[in-house]
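Contents: one structure, followed by commentary.
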Amino acid sequence: AIFTKPIRRVGLQEIVALLQGPEKVWKLFQWKAYGGAFDSTPAGFNAFPHRKGVIMHSEFGTSFGYQRSASEVASSQAQVVWDYFARATAVMDKYATGARYNGYVCLCDDVAQYFGANYARLRAAKKKYDPGNVFRNALSVPPASADTSLE
(Lines give C-alpha, C1' and ligand atoms only; values in the text may rest on other atoms or scores of the structure.)
Protein backbone atom coordinates (compact mmCIF):
# COMPACT_ATOMS: atom_id res chain seq x y z
CA ALA A 1 0.00 0.00 0.00
CA ILE A 2 1.28 3.47 -0.83
CA PHE A 3 0.57 6.48 1.39
CA THR A 4 0.64 10.21 0.71
CA LYS A 5 -0.44 11.27 4.20
CA PRO A 6 0.11 9.96 7.72
CA ILE A 7 -2.28 7.38 9.12
CA ARG A 8 -4.42 8.79 11.92
CA ARG A 9 -4.51 7.21 15.36
CA VAL A 10 -7.74 5.34 14.62
CA GLY A 11 -6.12 3.78 11.56
CA LEU A 12 -3.07 2.73 13.55
CA GLN A 13 -5.41 1.18 16.13
CA GLU A 14 -7.12 -0.80 13.36
CA ILE A 15 -3.75 -2.07 12.11
CA VAL A 16 -2.65 -3.08 15.61
CA ALA A 17 -5.98 -4.90 16.05
CA LEU A 18 -5.26 -6.86 12.86
CA LEU A 19 -1.88 -7.90 14.23
CA GLN A 20 -3.40 -8.90 17.55
CA GLY A 21 -6.31 -10.74 15.96
CA PRO A 22 -7.20 -14.25 17.12
CA GLU A 23 -6.48 -15.89 13.77
CA LYS A 24 -3.69 -18.43 13.94
CA VAL A 25 -2.03 -17.16 10.78
CA TRP A 26 1.36 -15.66 10.01
CA LYS A 27 0.97 -11.87 9.78
CA LEU A 28 3.37 -9.40 8.22
CA PHE A 29 3.42 -5.61 8.18
CA GLN A 30 6.50 -3.69 7.01
CA TRP A 31 6.79 0.06 6.62
CA LYS A 32 9.25 2.00 4.48
CA ALA A 33 9.69 5.76 4.66
CA TYR A 34 9.85 7.58 1.33
CA GLY A 35 10.40 11.23 0.42
CA GLY A 36 13.54 13.30 -0.15
CA ALA A 37 15.40 12.35 -3.35
CA PHE A 38 12.87 9.57 -3.89
CA ASP A 39 10.24 12.25 -4.50
CA SER A 40 12.35 14.08 -7.09
CA THR A 41 12.50 11.23 -9.64
CA PRO A 42 9.98 11.83 -12.47
CA ALA A 43 7.11 9.30 -12.63
CA GLY A 44 8.04 8.28 -16.18
CA PHE A 45 11.74 7.73 -15.41
CA ASN A 46 11.27 4.01 -14.77
CA ALA A 47 8.46 1.48 -14.29
CA PHE A 48 7.74 2.63 -10.72
CA PRO A 49 5.57 5.75 -11.00
CA HIS A 50 4.47 6.13 -7.37
CA ARG A 51 6.85 8.82 -6.16
CA LYS A 52 5.37 12.32 -6.09
CA GLY A 53 4.10 13.12 -2.63
CA VAL A 54 4.53 9.55 -1.36
CA ILE A 55 5.64 9.51 2.28
CA MET A 56 5.65 5.77 2.97
CA HIS A 57 4.97 2.31 1.65
CA SER A 58 3.65 -0.66 3.57
CA GLU A 59 3.93 -4.30 2.68
CA PHE A 60 1.39 -6.47 4.41
CA GLY A 61 0.47 -10.07 4.00
CA THR A 62 -0.11 -13.51 5.37
CA SER A 63 0.77 -17.07 4.46
CA PHE A 64 -0.59 -20.61 4.29
CA GLY A 65 2.60 -21.82 5.97
CA TYR A 66 6.23 -22.24 5.04
CA GLN A 67 6.38 -22.99 1.30
CA ARG A 68 2.74 -24.07 1.26
CA SER A 69 -0.11 -23.06 -1.02
CA ALA A 70 -3.82 -22.88 -0.28
CA SER A 71 -4.30 -26.32 -1.84
CA GLU A 72 -1.93 -27.84 0.73
CA VAL A 73 -3.91 -26.85 3.83
CA ALA A 74 -7.41 -27.68 5.01
CA SER A 75 -9.97 -25.56 3.20
CA SER A 76 -11.22 -24.16 6.51
CA GLN A 77 -7.70 -22.95 7.40
CA ALA A 78 -7.17 -21.57 3.91
CA GLN A 79 -10.40 -19.60 4.26
CA VAL A 80 -9.17 -18.12 7.57
CA VAL A 81 -6.04 -16.88 5.76
CA TRP A 82 -8.01 -15.44 2.82
CA ASP A 83 -10.48 -13.75 5.18
CA TYR A 84 -7.68 -12.20 7.22
CA PHE A 85 -5.96 -10.91 4.08
CA ALA A 86 -9.24 -9.41 2.82
CA ARG A 87 -9.72 -7.59 6.16
CA ALA A 88 -6.12 -6.34 6.15
CA THR A 89 -6.50 -5.09 2.58
CA ALA A 90 -9.74 -3.28 3.46
CA VAL A 91 -8.12 -1.55 6.45
CA MET A 92 -5.00 -0.52 4.53
CA ASP A 93 -7.01 0.69 1.53
CA LYS A 94 -8.94 3.11 3.77
CA TYR A 95 -5.74 5.04 4.44
CA ALA A 96 -3.59 4.37 1.35
CA THR A 97 -3.79 5.73 -2.20
CA GLY A 98 -5.00 2.47 -3.75
CA ALA A 99 -1.78 2.10 -5.76
CA ARG A 100 0.27 -1.08 -5.44
CA TYR A 101 3.94 -1.88 -5.97
CA ASN A 102 4.88 -4.89 -8.10
CA GLY A 103 7.81 -5.70 -5.82
CA TYR A 104 5.19 -7.19 -3.51
CA VAL A 105 2.74 -9.06 -5.66
CA CYS A 106 -0.78 -10.00 -4.74
CA LEU A 107 -2.63 -12.23 -7.15
CA CYS A 108 -5.85 -10.41 -6.28
CA ASP A 109 -4.53 -7.11 -7.69
CA ASP A 110 -4.87 -5.65 -11.17
CA VAL A 111 -1.35 -5.41 -12.62
CA ALA A 112 -2.12 -2.00 -14.18
CA GLN A 113 -2.33 -0.37 -10.74
CA TYR A 114 1.31 -1.21 -10.06
CA PHE A 115 2.57 0.89 -12.96
CA GLY A 116 0.04 3.71 -13.17
CA ALA A 117 0.44 5.92 -16.24
CA ASN A 118 3.54 3.92 -17.28
CA TYR A 119 1.47 0.79 -17.96
CA ALA A 120 0.72 1.48 -21.66
CA ARG A 121 4.40 2.25 -22.36
CA LEU A 122 5.47 -0.96 -20.59
CA ARG A 123 2.98 -3.01 -22.61
CA ALA A 124 4.38 -1.52 -25.82
CA ALA A 125 7.92 -2.41 -24.71
CA LYS A 126 6.76 -5.92 -23.86
CA LYS A 127 5.23 -6.25 -27.32
CA LYS A 128 8.48 -5.13 -28.97
CA TYR A 129 10.95 -7.17 -26.89
CA ASP A 130 8.88 -10.16 -25.72
CA PRO A 131 5.84 -10.51 -27.99
CA GLY A 132 5.50 -14.21 -27.11
CA ASN A 133 5.32 -13.35 -23.40
CA VAL A 134 8.15 -15.79 -22.64
CA PHE A 135 9.35 -13.82 -19.60
CA ARG A 136 6.35 -13.69 -17.30
CA ASN A 137 4.94 -14.34 -13.88
CA ALA A 138 1.43 -14.28 -12.48
CA LEU A 139 1.35 -10.47 -12.53
CA SER A 140 3.75 -9.52 -15.32
CA VAL A 141 2.91 -6.91 -17.93
CA PRO A 142 1.27 -8.55 -20.96
CA PRO A 143 2.27 -7.53 -24.50
CA ALA A 144 0.23 -4.70 -25.98
CA SER A 145 -2.35 -5.31 -28.65
CA ALA A 146 -1.43 -4.80 -32.33
CA ASP A 147 -2.54 -1.16 -32.36
CA THR A 148 0.00 0.08 -29.75
CA SER A 149 3.49 1.30 -30.65
CA LEU A 150 6.58 1.98 -28.57
CA GLU A 151 7.55 5.61 -28.85
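The first residue in the sequence is number 1, and the count goes up from there.
Contact annotation: the side chain of I7 never approaches that of E14 to less than 4.5 Å [non-hydrogen atoms, C-beta and beyond]. At a threshold of 4.5 Å between non-hydrogen side-chain atoms, the residues Y129 and V134 do not count as touching. D130 places none of its side-chain heavy atoms less than 4.5 Å from the side chain of P143. The closest side-chain heavy-atom distance from M92 to F29 is below 4.5 Å. Taking the side chain as every heavy atom from C-beta outward, Q30 and L28 approach each other to under 4.5 Å. When side chains are defined from C-beta on, Q20 counts as touching V16, because their heavy atoms get closer than 4.5 Å. V91 is listed as a side-chain neighbour of I15, based on a closest heavy-atom distance under 4.5 Å. Residues F85 and V25 are not in side-chain contact: their nearest non-hydrogen atoms beyond the backbone lie 4.5 Å or more apart.
The two residues S63 and W26 make their nearest non-hydrogen contact at CB-CE3, 3.5 Å.
The aromatic rings of H57 and Y34 sit parallel to each other, their planes meeting at less than 30°, with 60° as the upper class boundary.
The CD1 atom of I2 sits 12.0 Å away from atom CD1 of I55, with the distance rounded to the nearest 0.5 Å. Note: E59 CD to K32 NZ = 5.0 Å, rounded to the nearest 0.5 Å.
S58 places no side-chain N or O within 3.5 Å of a backbone atom of A1 that could act as its donor or acceptor partner. Within the 3.5 Å criterion, the main-chain N or O of G21 finds a donor-acceptor partner in the side chain of K27. Not one N or O on the side chain of N133 forms a donor-acceptor pair closer than 3.5 Å with the backbone of P142.
Under the 4.5 Å side-chain heavy-atom criterion for ILVMFWY residues, a single connected hydrophobic cluster contains both F3 and V10.
Aromatic pair F60/W31: centroids not less than 6.0 angstrom apart.
For K5, the NZ atom counts as loosely surrounded, since its 6.0 Å shell holds 12 or fewer non-hydrogen atoms of other residues, nucleotides or ligands.
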